[in-house]
Number of protein chains: 2
Amino acid sequence: MAKETIAGLAQRLGISKASVSYALNGQPGVSELTRRRVLDLADELGWYPSSSARALSRSRAGAVGMVLSADPLLIGTEPYYMGLLTGIETALAEGDMALMLRMVGRDPAQERATYERWAGERKVDGVILFDHRHADPRPALLERLRLPFVLHGAPAPEGVAPRSGTTTDHALDAATIVDHLHQAGHRRIAHVSGPRSFLHEEARIRGVQDRAGRHGISVVQYEADYSLDSGRDAALALLRGGEGISALVFGNDLMSMGGLLAMRAVGLRCPEDVALVSWDDSLHCELASPSVTALARNPGMQGRVAAELLLGLLDTGEVQTARMPAGDLVARSSTGALP
Amino acid sequence: MAKETIAGLAQRLGISKASVSYALNGQPGVSELTRRRVLDLADELGWYPSSSARALSRSRAGAVGMVLSADPLLIGTEPYYMGLLTGIETALAEGDMALMLRMVGRDPAQERATYERWAGERKVDGVILFDHRHADPRPALLERLRLPFVLHGAPAPEGVAPRSGTTTDHALDAATIVDHLHQAGHRRIAHVSGPRSFLHEEARIRGVQDRAGRHGISVVQYEADYSLDSGRDAALALLRGGEGISALVFGNDLMSMGGLLAMRAVGLRCPEDVALVSWDDSLHCELASPSVTALARNPGMQGRVAAELLLGLLDTGEVQTARMPAGDLVARSSTGALP
DNA sequence: TCCATTACCTGAACCGGTTCAGTAACCCCG
DNA sequence: CGGGGTTACTGAACCGGTTCAGGTAATGGA
C-alpha cells in the first residue's frame with residue numbers, strides 16, 4: 001500500500017491526471033462512465049487527494065482559524081466558549097473546512113502575531129473573531145492582511161462599513177432581564193458587567209440603563225472582568241454599600257457564582273434579601289443553590305451561524321450579517337421564580 | 001503588497017531560490033552574511049513561507065489532529081477536556097505545530113472516517129487519542145493508516161507492544177480516595193464509575209476494590225455514563241437500596257453533581273448522612289454546596305505532556321511513555337473535611 | 001606548486017494536485 | 001456533404017516551496 005497519487009490512479013485507469021482531477025471534483029470534461037470508474041477506484045483504494053497539494057494549487061488552505069485569547073483559566077471554565085466552538089466546528093465540517101485552534105493568553109501581541117503568520121503562510125482562509133472591543137485593532141489588521149473574517153456577537157454597528165458577522169440585540173436582552181426584575185417588584189438594582197472595553201458590554205449597559213429608566217428603576221453599574229473573584233468582589237462592594245440594592249445582574253455565569261458566594265459570606269439570602277440574574281446560562285446556574293435565573297443564548301447555534309457566514313464569505317465573497325435571536329430568560333429560584 | 005514568494009525574495013537579493021530556502025531553514029550552504037540578508041528581508045516584508053507549499057515538498061502537514069468524540073453536551077460541560085486541550089495546544093504551538101480540532105458525536109464510525117480522511121489527505125502528522133477502550137479499534141486503525149499517535153491517560157499496558165502515551169496509575173489514585181474515606185470512618189462505600197468499556201475505569205474499579213479490601217471496607221460498584229443524570233440515577237438507586245452506604249465516589253464531577261441533587265431530592269444530608277468524593281476536580285466541586293472533595297489531576301499539564309510525547313514521536317520516531325503524577329486529593333466539605 | 005577539500009551558491013527536478021489551451025471525435029442541421 | 005458546436009480527453013504549465021547533484025572559488029596540506 002505505497003501512497004497513491006493522482007498520477008497513480010490515472011495510470012491504473014489508463015487516462016490522464018487531468019481527467020482524474022475533473023472526475024473527482026465533479027467538474028465537466030469527463031463522461032459519466034469515466035467519472036464512475038475514477039470514483040470507484042478511489043473508493044476501493046481508500047484514497048484521498050493530498051490536502052497540501054490541493055491547497056497549493058487552489059491557493060486555498062481549506063481551514064478556518066480561531067484564536068481563543070482569554071485567560072486559560074477562564075476559557076476552561078466558561079461553558080459559553082465550548083458551546084460556541086462546538087457549533088462552529090460542526091458547521092465547518094459540513095462545509096468541508098477544518099478548524100485550526102490557537103490559544104494565547106490575554107496578550108494582544110500574540111493574537112496579532114498569530115494572524116500575521118496565518119495570513120503569511122496562507123494557513124487558514126479566514127478567521128472568526130469575537131469579543132469585539134472598542135477601537136479593536138483586529139479588523140483593520142485582518143483587512144490589511146487580506147484575511148477574511150466574521151465578527152461574532154458584536155452589537156449592530158452604526159455608520160460603519162458593513163462587515164460579515166453576527167449581531168446581537170443586547171438592548172432587547174437587557175429589556176428581558178430588567179422586565180423580569182421589574183415584575184418581581186425590584187426598584188433598585190445593580191448591573192455587574194464585564195469590561196466596558198467590549199462593545200457588547202457597552203451595549204448591555206446602555207440597554208439596562210434605558211429599560212430600567214422606563215420602569216423607574218435605578219441602576220448601579222459596576223465593572224468587573226468575568227472572573228469568579230471579580231464577581232464576588234463586585235457583590236461584596238455593592239451589598240455592603242448599603243445602597244438598598246435588591247437585585248444583581250451579572251454579565252456571565254462565573255461572576256454570578258461569585259455573587260452567590262459573596263451573599264453567602266455576608267449572610268444575605270437569595271432571593272429573599274437579594275435576587276440574582278445571570279447574563280448567560282450554563283450548568284452552573286442550574287446547579288447552584290439557589291438555582292440562578294439566567295438568560296440562555298444558545299452558543300452552539302450562534303457558533304454555527306457565525307461559521308456559516310464565514311463559509312459564505314469565503315465561497316462567494318458575500319458580506320452578510322445575521323441577527324441572533326433574542327435570549328430566553330430561564331426563570332429559576334434566584335429571582336423567586338421557583339419555590 | 002502582492003504576495004511574495006521565495007522566488008521573489010531570491011530575485012530581490014540577486015540569489016537563487018535554493019539559497020533563500022537554506023537561509024530560512026537554518027541549513028548549511030549559505031554564508032552568514034547571506035543568511036542575515038535573507039532573514040532581514042523576510043522580516044522587513046513580513047513574509048512567511050507558504051505552509052501548503054512547504055507541507056507538500058516536505059511531506060509533512062505541520063499539524064496535529066484531535067477528535068473529540070463525546071456528546072456535545074458533555075464536551076461543553078466537562079472542564080477536563082478544555083484543560084487538556086489548552087495544555088495540548090500550548091505545547092504544540094511551542095513546537096510549531098498547529099492543532100486541528102474535530103468534534104463528532106458518540107458515533108465511532110465518524111471518528112474512524114475522520115482518521116481515514118486525515119491520513120489519506122495527509123492533513124495531520126499525528127493524532128492524540130484518549131478514552132482508551134477495551135478492544136479499542138483505533139490504535140490498529142491508525143497503525144494501518146500509518147498515522148502516528150499517542151494514547152493519553154490509559155493505564156500502563158501489560159504485555160503489549162509499547163506505544164507512545166501517557167499512563168496514569170489509577171490504582172494509586174484509587175488508594176488516595178479510599179484512604180481518605182477510611183480515615184473518615186467509612187466502612188461501606190459505593191463507587192459510581194463511568195462506562196467499564198474504558199480501560200481507565202476498569203483500572204479504577206480494580207484499584208478501589210483492592211484498597212478497600214485491604215481496609216476491610218466493602219464496595220458496591222455501579223456503572224454510569226459520566227452524565228449528570230446518570231450520576232443522579234446512580235445515587236438514587238444506591239441510596240434507596242438501603243444498603244447502608246455511607247460514602248459515594250463518582251467518576252467525574254458531573255456525576256458528583258448529579259449525586260448531590262439526588263441526595264437533596266431524597267432528603268439526605270452531605271456529609272452527615274452520606275459523604276461524597278469526585279474523581280476529578282473542577283469549579284463545580286468548588287462551588288457546590290456542600291463543596292465536594294475531589295481528586296485534582298491537572299489536565300493542563302497532562303495535555304502538555306501528551307503533546308510533547310507526540311512531538312517527540314514525530315520528530316525522532318522515538319516511542320516513549322510518561323507516567324502522570326498521582327492526583328491530589330482536595331479535601332472539602334462533602335467528606336466532612338471542612339466545617 | 002599542485003591536488004584535494006571545503007564553503008558557498010545555482011539550476012533543475014520534485015512534491016501532488018489544478019487548470020488552461022489544444023485536439024480529436026462526434027453530432028446536428030441547413 | 002460541409003461547417004459550426006459540443007463532448008471527452010490530454011499534455012504541459014503552474015502553485016511555492018525543498019533538495020539533490022553539480023560547479024566555482026578559496027583554502028589547506030603535502
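Every chain is numbered from 1 and lettered A, B, ... according to where its sequence line falls, protein lines coming before strand lines.
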Item to check | Sugar-phosphate, base or nothing in reach of Thr34(B), heavy atoms under 4.0 Å | outcome: sugar-phosphate

Item to check | Nucleic acid contacts - residues 12-19 of chain B versus DNA chain D, non-hydrogen atoms under 4.0 Å | outcome: Lys17(B), Ala18(B)

Checklist entry - Would Asn25(B) and Arg54(B) count as having a side-chain donor-acceptor pair, cut-off 3.5 Å? => result yes

Checklist entry - Are Phe149(A) and Tyr115(A) near enough that their ring centres are under 6.0 Å apart? => result no

For residues 58-65 of chain B, run the donor-acceptor check on the side chains, cut-off 3.5 Å, and write out each pair with its distance to 0.1 Å, sequence neighbours left out.
{"residue": "Arg60(B)", "atom": "NH2", "partner": "Leu314(B)", "partner atom": "O", "Å": "3.3"}

Checklist entry - Does Trp47(A) place a side-chain N or O at less than 4.0 Å from the phosphate oxygens OP1/OP2 of dG16(C)? => result no

Checklist entry - Separation of Leu9(A) atom CG from dG17(C) atom P, in whole Å? => result 8 Å

Checklist entry - In whole Å, what is the span from the NZ atom of Lys3(A) to the P atom of dC15(C)? => result 9 Å

Checklist outcome for this item: In whole angstroms, the gap separating P of dG16(C) from CD of Glu121(B) amounts to 15 Å

Item to check | Atom pair distance, as rounded to whole Å: OH in Tyr22(A) and C1' in dT7(D) | outcome: 13 Å

Next on the checklist: Near DNA chain D, counting only heavy atoms under 4.0 Å, which residues of residues 56-64 of chain A show up?
Outcome noted: Leu56(A), Ser57(A)

Checklist entry - Just how far, in rounded Å, is C1' of dG17(D) from CD of Glu4(B)? => result 14 Å

Checklist entry - From Ser164(A) OG over to His152(A) NE2, what is the distance, rounded to the nearest 0.5 angstrom? => result 13.5 Å

Checklist entry - For dC15(C), does either OP1 or OP2 sit under 4.0 Å from a side-chain N or O belonging to Thr5(A)? => result no

Checklist entry - Is any side-chain nitrogen or oxygen of Ser21(B) closer than 4.0 Å to OP1 or OP2 of dT19(D)? => result no

Checklist entry - Does the side chain of Arg54(A) get closer than 4.0 angstrom to OP1 or OP2 of dT18(C) through an N or O atom? => result yes

